[in-house]
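These notes concern the structure reproduced below.
Model, not experiment: these values are computed from the prediction.
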Amino acid sequence: MDRADRAKQFMPFDALKGFQEALREKERVRVPKRSLSEEEREELDSRLSRIGKRDMVEAEYFQDGEYVSVKGMISGINRQEGWLRIVNTQISLENIAKLNLLQKQH
């Protein structure tokens, strides 16, 4: 038996393919999407109106049952279609919970 085949004998064996991933998914705490108050909505709308392409921002948004935070440069924004792209992450404006301008690039 050559060396590569012999090494395969000692590789970890996953008898239940996908089981570990399923356990990690089960352990994830899902939360419901919360509604913003009128004051929070107005503040978010105000911040959205002041940002533009190439601004550095930090956004917290709802995705797949949890709140996720992303920080980076705005690479695109379309208010008519309702989305914002931070680097390569496209976020629906209705899913944004918080938005902070880190650095203005204009």
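- R50 is listed as a side-chain neighbour of R47, based on a closest heavy-atom distance under 4.5 Å.
- A ring-ring contact (aromatic ring centres under 6.0 Å, His included) check over residues 72-100, counting only residues at least two apart or in different chains, returns nothing.
- Between V70 and V68 there is no side-chain heavy-atom pair separated by less than 4.5 Å.
- The shortest non-hydrogen separation linking P32 to Y67 is O-CE1, 4.1 Å.
- E38 is listed as a side-chain neighbour of E42, based on a closest heavy-atom distance under 4.5 Å.
- Geometric assessment of R34 against the ring of F62 yields a negative cation-pi assignment under the 6.0 Å and 45° thresholds.
- Evaluation of the ring-ring contact (aromatic ring centres under 6.0 Å, His included) test over residues 33-55, restricted to residues two or more places apart or in two chains, returns none.
- Between the side chain of R30 and the main chain of D64, a donor-acceptor pair closer than 3.5 Å is present.
- Side chains of K71 and L102 form a contact here, defined as non-hydrogen atoms less than 4.5 Å apart.
- With 3.5 Å as the limit, one finds no donor-acceptor pair spanning the side chains of N78 and R85.
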**Message:** If you apply the rule side-chain contact (heavy atoms from CB on, under 4.5 Å), what do you find for N100 with V57, and how did you get there?
**Reply:** CA-CA 6 Å; N100 293 312; V57 296; over 6 Å; no

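- Note that the OG atom of S37 and the CD atom of E39 stand 5.5 Å from one another [nearest 0.5 Å].
- Between I96 and Y61, the shortest heavy-atom contact is CA-CB, 4.0 Å.
- Applying the side-chain contact (heavy atoms from CB on, under 4.5 Å) rule to R41 yields the partners L36, L44, D45; only residues at least two apart in sequence or on another chain are considered.
- A59 and I86 get closest at one heavy-atom pair: CB-CD1, 3.8 Å.
- In this structure, the separation between CD1 on I74 and CG on D55 is 5.5 Å, given to the nearest 0.5 Å.
- One finds the CG atom of L99 at 5.0 Å from the CD1 atom of I51 (value rounded to the nearest 0.5 Å).
- The minimum heavy-atom distance linking S69 with E58 is given by the pair OG-OE2, 3.5 Å.
- Under the 3.5 Å distance criterion, with hydrogens and angles disregarded, a donor-acceptor pair is assigned to the side chains of K33 and N95.
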